[in-house]
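Note that the coordinates shown come from a computational prediction; the quantities given were computed from them, not determined experimentally. Just so you know, these numbers use all the heavy atoms, side chains as well, and skip hydrogens, waters and symmetry mates.
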Amino acid sequence: MRFRNRLSFFLILLLLIVQAVTCMFVYSYARSSMIASSKEQLALANRSFLHHLDMLAERVATSVEVLALDYGLRRAIAEEDRDTTLSTLNNHGRRIGAERMMFIDLNARVQADTKNPEATGAHAPFANLLAQAEQEGSARALATLDGETSWIIVAPILAPTPVGYVAAFIPVDRALLDDMRRLDAAPVSIALVTSRRGGWGVLAISAPRADQFNLPQSFDPFRQDVTLSKHKNGEFLVSSLELPTARGSPPIFALHEVPLNDVLNSNWRVFGPLLAILLASVLAAGAGAYVIAQGVSRPLESLAAATHRIRTGDYHVDRSIAAGGEVGQLAHALADMAAAIDERERRLIETMRLRDEARDDERAKAQFIANMSHELRTPLNAIIGFGDIIHQQQLGPISTQEYVAFAGYICKGGRELLDLHNNILDIARIEAGKFDLRRDHFLGVELIEAALDDIQPTAESAGVALNVRRNFAPAVRIDGDFVVLRRAIGYVLHNAVKFTPKGGRAEIVADANGREARIVVRDTGIGMRPEDIDRLRRPFQRACDEYNTEHAGAGLGLSLTEAFLKLHGGVLVIESAQGAGTTVTMKAPIVAAAASLVDARGA
């Protein structure tokens, strides 16, 4: 055998041996590195899970503190109106996602419980939270009560001294864990465990292990490190985190688990190109030591250095590593991949920044709504209430009647300001997606009559004639919130009367086509320019100059009307021309309609 053949055979054999050992070493090293990296991700998942829980508790705590300041709740407590107290707790509990709400008196006795409405006088669970809430303004902790795990938030009710406490129970179940799992970058399963009869039991488990989760062998949750555990379904990396619980509740731990196979499989694509390079080097060794040394070794070393830099965050890859061939293509592919990773990382950082800014804006907006509701509603109620007492002379006659008239003006102005305040809060709730409808089925005729009753005195005072054509069949029933739709129609009628000169008229036509109710309001008023219609649909936009006091208003009527109709699945159509009046068409879904409509002339 010739020397070059023996040399080629020796080099190939040596390369095979070296590559085989290298592959085993790389696999072992890569496996250990991936496990270590996954352990870091699980540790990060623990901190992220606790952070998300804290954010949830902070948001709910703010809502509970707002409820504690609710005038209706404090009045119901003062009057010992248990039904109103339960109703207020139920309504607020639905808004914040609480499965249970309690009112607890200063003696730590439960006086109202939405889960057990008939039970009263029982000792409050986890009473230590009451003292903490009184000192710090609110208190929160995880606890297991009646076999269910909840995040308990407690806030004192001040009037202005404490008169009791309100407690909200947010369920910590599979749905919440699934939401937490989606917020994590790593595809982990989350479980909550607690002590049960000398052992440990699962409280809730997220997807995808909800139906096949078993506690690890020799489970010890007090170990705060990440362990590799063997199950009958394979090997899993498991981390445990002790969660803050209320005094008297058994300890609760959060387990984050990820299958080892998923960890290895998710990183296998990194080693595919490396194995291809190793095979190419073995085949190229037969062509000669020179080709191996000069044509493959140097480019591979450069590529290895580039991959190492990529792992450390340097995504620059020199495309001139190899001029051509498979190694050159690999270099270009690696450069393209590194550029794509760099761009994707930049986008991710920007997206996270925007998400954090949006979250801060939402938190600031919620705080603003809470502050505005408290700081304006409370003094306005006092102004209106005391103004009414003076105006009605409830505490005795007033000799100067001008003072009585002045008190009436104060009440009227206060109510107008309170209505404006409520409208602004409704706009904010709608934009935040927190405006709830109380849907019901009611006769369309009743809705029209109620709206007309509201606007009739104003129309008579302004000298505007109202013409009504009720084409509704008697059986037509509208599916929606009666109060909200009444407000929507009232805003349109109010605008028709306000912008119609004395001696003008406004016409209301109501009919149905079998699928939707249609309410049309036409007036002979001043109208508006067609190009202003889209602008006036937005909040705080007015048709007149902002300094024109003849037609006062905040510019919220049309925007609220359109928002209310959209919440019902309806639409708002506006047609107008300056000096030619305005026609506004409101459409809302109906439940059923008569086979034929009443003739317009007989209405």
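- How far CG of Leu129 is from OH of Tyr165: 11.0 Å, rounded to the nearest 0.5 Å.
- In terms of modelled atom types and a separation under 3.5 Å, the side chain of His494 and the main chain of Ile455 share no donor-acceptor contact.
- Nearest heavy atoms, Met101 versus Val166: CE-CG2, 4.1 Å.
- Taken from CD1 in Ile519 to CG in Leu493, the straight-line distance is 9.0 Å, to the nearest 0.5 Å.
- When the shell of 6.0 Å around CD of Glu402 is examined, it contains 12 or fewer heavy atoms from other residues, nucleotides or ligands.
- Separating the CZ atom in Phe253 from the CG atom in Leu192 is a distance of 11.5 Å, to the nearest 0.5 Å.
- Atom CD1 of Ile448 and atom CG of Leu443 lie 11.5 Å apart (nearest 0.5 Å).
- Using cut-offs of 30° and 60° on the angle between ring planes, the pair Tyr491 and Phe564 is parallel.
- Checking side-chain atoms of Asn107 against main-chain N and O of Arg109 turns up no donor-acceptor pair under 3.5 Å.
- No side-chain donor-acceptor contact under 3.5 Å links Asn91 to the backbone of Arg94.
- Atom NZ of Lys115 has more than 12 neighbouring heavy atoms from other residues, nucleotides or ligands inside a 6.0 Å radius.
- Ion pairing of Glu58 with Arg140 is present here, as a side-chain N (NZ or NE/NH1/NH2) and a carboxylate O approach within less than 4.0 Å.
- In summary, Arg174 and Asp178 engage in a salt bridge, as defined by a charged side-chain N under 4.0 Å from a carboxylate O.
- The neighbour count for Arg438 CZ, taken as heavy atoms of other residues, nucleotides or ligands under 6.0 Å away, does not exceed 12.
- A donor-acceptor pair shorter than 3.5 Å cannot be found between the side chains of Thr88 and His92.
- Here CH2 of Trp151 is found 7.0 Å from CG of Leu243. Values are rounded to the nearest 0.5 Å.
- Side chain of Ser87 to backbone of Asp83: no donor-acceptor contact under 3.5 angstrom is found.
- How far CE of Met586 is from CG of Leu565: 7.0 Å, rounded to the nearest 0.5 Å.
- Summarising the geometry of Phe126 relative to Arg247, their closest heavy-atom pair is CD2-O, 3.3 Å, with the distance given to 0.1 Å.
- Under a 3.5 Å cut-off, the side chain of Ser249 and the backbone N or O of Thr144 do form a donor-acceptor pair.
- Between Val64 and Ala155 the shortest heavy-atom distance is CG1-CB, 3.7 Å.
- For Arg75, the CZ atom counts as loosely surrounded, since its 6.0 Å shell holds 12 or fewer non-hydrogen atoms of other residues, nucleotides or ligands.
- Salt bridge present: Arg100 and Asp113 bring a charged side-chain N and a carboxylate O closer than 4.0 Å.
- Using a distance-only test at 3.5 Å, with no hydrogens or angles considered, no donor-acceptor pair links the side chain of Asn116 to the main chain of Glu118.
- Around CD of Glu350, the count of heavy atoms belonging to other residues, nucleotides or ligands within 6.0 Å exceeds 12.
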